[in-house]
*Asks:* 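Take this structure first; my questions come after.
Residue numbers run from 1 in the order of the sequence given.
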Amino acid sequence: MPRRVLTHLRYLHFADAHITQLVPHGRGNSFQAIVLRHWAAVAAYLHTCFSHPPTALLNTERVFSHNYEDTARSRIDPTISWRVHLLVTARALALREWSRAPESPVFSDGFRAWAESGGTWPLTVSPHLTEAYGRLPGGSRSALWHSVVEADPPALTAQVLGIRRQDVGALTDRARTSLRQTYLKLHHRRAAAVWDEPAGLRRKEQPDLADLDGQLRAQLPVILLGWWDGVRYVEARTTTRTPAAPLPFLRQANGGRITAR
């Protein structure tokens, strides 16, 4: 196998955050580790937006190429959850494509209907849950997203976070505890602001955190992404192959700097 294909392998044990800091400093090939970890998820998401597989795959590469350029120019915060960030980028890209050609047959029926309705977010989600999640440290957010929302293998979550596989469970448990505490603080703050409402209404609004994992899986993707077809997403992930060799935009990388196209 050519040496240029193998050079990225040395970075597979680096956390996403570390790679984000390496790329602007001449380690552009390290970004291939980001591609390997998140390609299947981004491709699967875009398969829920596009019914035309070649279009979905073309736009998957565009998502990574765009984010590589932003990383190389130090425009990406190392503390972000890369998986969520990439999915948000994918959704925005799909919406832009739809706005240019809304009648194109390449879009899935579900995504087209959502876009035509104004790309609205549902009203049944809890804003406090999302706000509490957003206040967590980046590592805690990533642990919850990968371990709970997507149920990724611990080995993958450990790579993303740069920790030992056996430590993933403990970190996820701590993140759950922090999320629950933050959620309750936000709820109690709002309850205090509406103390004059009927007691029955206040009891009805009391959050039920007995199934926190279930709430995270049901609500976080919807509120963070807007468009979310979870069933199709899971199905597409199981059949998506990750590119074995670096993508063309990485083969053109020159020490982490953007080269002419």
*Asks:* Where do Leu186 and Glu131 come nearest, in terms of heavy atoms and distance?
*Replies:* CD2-OE2, 3.6 Å

*Asks:* Determine, using the 4.5 Å side-chain heavy-atom cutoff (strictly less than), whether Ile163 and Phe14 are members of one ILVMFWY cluster.
*Replies:* no

*Asks:* Does a side-chain heavy-atom distance below 4.5 Å link Tyr68 with Val35?
*Replies:* no

*Asks:* Enter the distance from Thr240:OG1 to Leu57:CG here, rounded to the nearest 0.5 Å.
*Replies:* 7.5 Å

*Asks:* Ignoring hydrogens and angles, tell me if any N or O in the side chain of Ser65 forms a donor-acceptor pair with the backbone of Arg62 under 3.5 Å.
*Replies:* no

*Asks:* Between atom OG of Ser108 and atom NE2 of His47, what is the distance when rounded to the nearest 0.5 Å?
*Replies:* 11.0 Å

*Asks:* Kindly state each residue pair satisfying ring-ring contact (aromatic ring centres under 6.0 Å, His included) with at least one member in residues 141-170, sequence neighbours excluded.
*Replies:* His38-His146

*Asks:* Flag yes if Val84 and Ile34 sit in one hydrophobic cluster, no otherwise; membership is Ile, Leu, Val, Met, Phe, Trp, Tyr, and two members link when side-chain heavy atoms are under 4.5 Å apart.
*Replies:* yes

*Asks:* Are Glu69 and Phe249 side-chain neighbours, meaning at least one heavy-atom pair lies under 4.5 Å?
*Replies:* no

*Asks:* Give the minimum heavy-atom separation between Val168 and Ser147, together with the two atoms involved.
*Replies:* CG1-OG, 3.6 Å

*Asks:* Looking only at heavy atoms, which two atoms of Leu12 and Ala33 are closest? And how far apart?
*Replies:* CD2-CB, 4.0 Å

*Asks:* Which pair of non-hydrogen atoms, one from Leu22 and one from Ser30, has the smallest distance, and what is that distance?
*Replies:* CB-OG, 4.0 Å

*Asks:* For the residue pair Glu61 and Pro248, establish whether any side-chain heavy-atom pair is separated by less than 4.5 Å.
*Replies:* yes

*Asks:* Run the numbers on Glu97 and Val106 for side-chain contact (heavy atoms from CB on, under 4.5 Å), then give the verdict.
*Replies:* CA-CA 10 Å; Glu97 292 298 299; Val106 301; over 6 Å; no

*Asks:* Under 4.5 Å between side-chain heavy atoms, counting indirect links through other Ile/Leu/Val/Met/Phe/Trp/Tyr residues: same cluster for Val63 and Ile19 or not?
*Replies:* yes

*Asks:* Can you tell me how far apart OG1 (Thr182) and CZ (Arg180) are? Round to the nearest 0.5 Å.
*Replies:* 11.0 Å

*Asks:* Could you tell me if the side chain of Leu250 sits less than 4.5 Å from the side chain of Phe31, heavy atoms only?
*Replies:* yes

*Asks:* Any side-chain heavy atom of Leu216 sitting closer than 4.5 Å to one from Leu179?
*Replies:* yes

*Asks:* Shared ILVMFWY cluster between Ile80 and Leu161, side chains joined below 4.5 angstrom?
*Replies:* no

*Asks:* Test Thr130 against Gln219 for side-chain contact (heavy atoms from CB on, under 4.5 Å), laying out the working first.
*Replies:* CA-CA 8 Å; Thr130 309; Gln219 298 192 41; 5.9 Å; no

*Asks:* Within the distance-only criterion (no hydrogens, no angle test), does the side chain of Arg176 pair as donor or acceptor with the backbone N or O of Leu212 below 3.5 angstrom?
*Replies:* no

*Asks:* Any chain of hydrophobic side-chain contacts (each under 4.5 Å) joining Trp227 to Val88?
*Replies:* yes

*Asks:* Are the side chains of Leu144 and Leu136 in contact, using a 4.5 Å heavy-atom criterion?
*Replies:* yes

*Asks:* For the side chain of Thr238 and the backbone of Glu235, is there at least one donor-acceptor N/O pair under 3.5 Å apart?
*Replies:* yes

*Asks:* Taking the basic N atoms (NZ, or NE/NH1/NH2) and the acidic carboxylate oxygens, is any pair closer than 4.0 Å for Asp16 and Arg83?
*Replies:* no

*Asks:* Angle class for the Tyr233/Trp228 ring planes (parallel below 30°, perpendicular above 60°, tilted otherwise)?
*Replies:* tilted

*Asks:* What distance do Ile76 atom CD1 and Thr71 atom OG1 have between them, rounded to the nearest 0.5 Å?
*Replies:* 4.5 Å

*Asks:* Looking at every heavy atom in both Arg91 and Leu225, which two are closest together, and how far apart are they?
*Replies:* NE-O, 2.7 Å

*Asks:* Please report the shortest heavy-atom distance between Leu247 and Gln32, naming the atom on each side.
*Replies:* N-OE1, 4.1 Å

*Asks:* Where the side chain of Tyr133 meets the backbone of Arg141, is there a donor-acceptor pair that is under 3.5 Å apart?
*Replies:* yes

*Asks:* Side chains of Trp82 and Leu87, heavy atoms from C-beta outward: is any pair under 4.5 Å?
*Replies:* no

*Asks:* Just by distance, no angles: are the side chains of Thr120 and Trp114 close enough, under 3.5 Å, to form a donor-acceptor pair?
*Replies:* no

*Asks:* Under the 3.5 angstrom rule, does the side chain of His188 hit a backbone N or O of Leu184 as a donor-acceptor pair?
*Replies:* yes

*Asks:* More than 12 heavy atoms of other residues, nucleotides or ligands under 6.0 Å from CG of Asp77: is that the case?
*Replies:* yes

*Asks:* When rounded to the nearest 0.5 angstrom, what distance separates CG in Leu95 from SG in Cys49?
*Replies:* 8.0 Å

*Asks:* Between Phe64 and Trp39 (judged by ring centroids, cut-off 6.0 Å), do the two rings come close enough to count as a pair?
*Replies:* yes

*Asks:* Sub-3.5 Å donor-acceptor pair from the side chain of Ser178 to the main-chain atoms of Ala175, do we have one?
*Replies:* no

*Asks:* What pairs with Phe50 under ring pair (Phe, Tyr, Trp, His ring centres under 6.0 Å), at least two apart in sequence or on another chain?
*Replies:* Phe107

*Asks:* Using modelled atom types only, decide if a donor and an acceptor are shared between the side chain of Thr55 and the backbone of Ser51 within a distance under 3.5 Å.
*Replies:* no

*Asks:* Between Arg237 and Glu150 (salt bridge meaning N to carboxylate O under 4.0 Å), is one present in this structure?
*Replies:* yes

*Asks:* Carefully, step by step, assess Gln159 and Arg37 under the rule side-chain contact (heavy atoms from CB on, under 4.5 Å).
*Replies:* CA-CA 8 Å; Gln159 283 187 337; Arg37 292 166 188 166; 3.7 Å; yes

*Asks:* Can you tell if the side chain of Asn67 reaches within under 4.5 Å of the side chain of His85, non-hydrogen atoms only?
*Replies:* yes

*Asks:* To the nearest 0.5 Å, what is the distance between NE2 on His66 and CG on Asn59?
*Replies:* 12.5 Å

